[in-house]
Amino acid sequence: MSTRSCPCGLPEPYDKCCGRFHSGSAAAPTAEALMRSRYCAFVRQDGAYLLRTWHPRTRPARLDLDSGTRWTGLEILGTSDGSAFHSVGTVTFRASFRGGSLHERSRFERVDGAWVYVDGEFLEG
């Protein structure tokens, strides 16, 4: 087991943080936790998890991840709803990679009780 902190930015080791969501042994309890686990899946090139946690209505048929992208950090800038008591939520974040960053407001919904990514709006700055 790795003792390094999870790529999502939280201090827990990967296995106790996003790793349990990736393996399927647990489900993300909030929209923010799902957002963090999806960022971590991009870092780890886990396309299967990304597709599995994408809303069936907006999920692409396939996902081509760029193995040359080096993700360097995730900053959660804000959340709206998305807790255990909600059926929808949004997470605004900045994901940094070598050479730039991605600023997005992502929408999440629950499908059969599980949080899934619906879509995102790219933001300036």
Side-chain angles (χ1 to χ4, degrees):
M1 178 167 73
S2 172
T3 56
R4 291 182 50 214
S5 62
C6 190
C8 81
L10 295 177
E12 291 90 358
Y14 168 76
D15 293 346
K16 293 198 179 305
C17 195
C18 294
R20 61 199 174 110
F21 306 142
H22 293 173
S23 71
S25 65
T30 65
E32 180 181 334
L34 182 66
M35 171 60 239
R36 287 181 179 278
S37 72
R38 286 177 57 83
Y39 168 82
C40 188
F42 275 102
V43 171
R44 297 176 63 90
Q45 298 278 301
D46 187 345
Y49 179 78
L50 292 167
L51 289 171
R52 194 167 71 243
T53 58
W54 210 309
H55 197 293
R57 187 177 71 238
T58 57
R59 180 188 306 133
R62 54 181 277 200
L63 189 60
D64 296 318
L65 298 176
D66 182 352
S67 62
T69 301
R70 295 292 172 245
W71 296 99
T72 58
L74 176 67
E75 182 183 5
I76 302 296
L77 304 172
T79 61
S80 174
D81 298 335
S83 78
F85 303 104
H86 300 106
S87 59
V88 297
T90 60
V91 179
T92 304
F93 67 93
R94 180 173 290 110
S96 299
F97 54 89
R98 192 173 301 143
S101 68
L102 173 74
H103 188 190
E104 182 178 310
R105 181 180 302 114
S106 294
R107 293 186 322 126
F108 298 87
E109 291 179 11
R110 283 187 189 265
V111 172
D112 297 328
W115 284 108
V116 291
Y117 170 78
V118 177
D119 57 21
E121 170 189 1
F122 293 111
L123 305 171
E124 295 296 319

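Worth knowing before you read on, the calculation uses all heavy atoms, side chains too, and leaves out hydrogens, waters and symmetry mates.
The ring pair (Phe, Tyr, Trp, His ring centres under 6.0 Å) analysis of residues 74-101, with sequence neighbours excluded, yields the pairs Trp71-Phe97. For residues 61-77, every residue pair satisfying the salt bridge (Lys or Arg N to Asp or Glu O under 4.0 Å) rule, not counting sequence neighbours, is listed here: Arg62-Asp64, Glu75-Arg94. Residue pairs meeting the salt bridge (Lys or Arg N to Asp or Glu O under 4.0 Å) criterion with at least one member in residues 30-40, sequence neighbours excluded: Glu32-Arg36.
Atom OG1 of residue Thr92 and atom CD of residue Glu121 lie 8.5 Å apart, to the nearest 0.5 angstrom. Interatomic distance, Arg52 CZ to Asp46 CG, rounded to the nearest 0.5 Å: 7.0 Å. Interatomic distance, Arg44 CZ to His22 NE2, rounded to the nearest 0.5 Å: 7.5 Å.
Here the side chains of Arg59 and Leu51 are in contact, with some heavy-atom distance below 4.5 Å. Within the 4.5 Å cutoff, the side chain of Leu77 has heavy atoms near those of the His103 side chain. Inter-residue side-chain proximity for Tyr39 and Cys6 is flagged as unmet; no heavy-atom pair is nearer than 4.5 Å. Contact annotation: the side chain of Trp115 never approaches that of Thr53 to less than 4.5 Å [non-hydrogen atoms, C-beta and beyond].
Summarising the hydrophobic clusters (Ile, Leu, Val, Met, Phe, Trp, Tyr; side-chain heavy atoms under 4.5 Å, direct or chained), the residues clustered with Val116 are Val111. In the hydrophobic clustering (ILVMFWY side chains linked at under 4.5 Å, chained through shared members), Val118 stands by itself.
Remark: of the listed residues Thr30, Leu34, Ile76, Ile76 is the sole one forming a side chain to side chain contact (heavy atoms under 4.5 Å, CB included) with Val91.
A continuous path of Ile, Leu, Val, Met, Phe, Trp and Tyr side chains, each step under 4.5 Å between heavy atoms, connects Leu74 with Leu102, placing both in one hydrophobic cluster. In the hydrophobic clustering of ILVMFWY residues, with side-chain heavy atoms under 4.5 Å counting as a link, Phe42 and Met35 come out together.
Partners of Tyr117 under the ring pair (Phe, Tyr, Trp, His ring centres under 6.0 Å) rule, at least two apart in sequence or in another chain, are Trp54, Phe108.
The backbone N or O of Arg110 sits nowhere less than 3.5 Å from a side-chain atom of Ser87 that would complete a donor-acceptor pair.
In this structure, Arg20 and Ser23 approach most closely via the heavy-atom pair O-OG, 3.2 Å.
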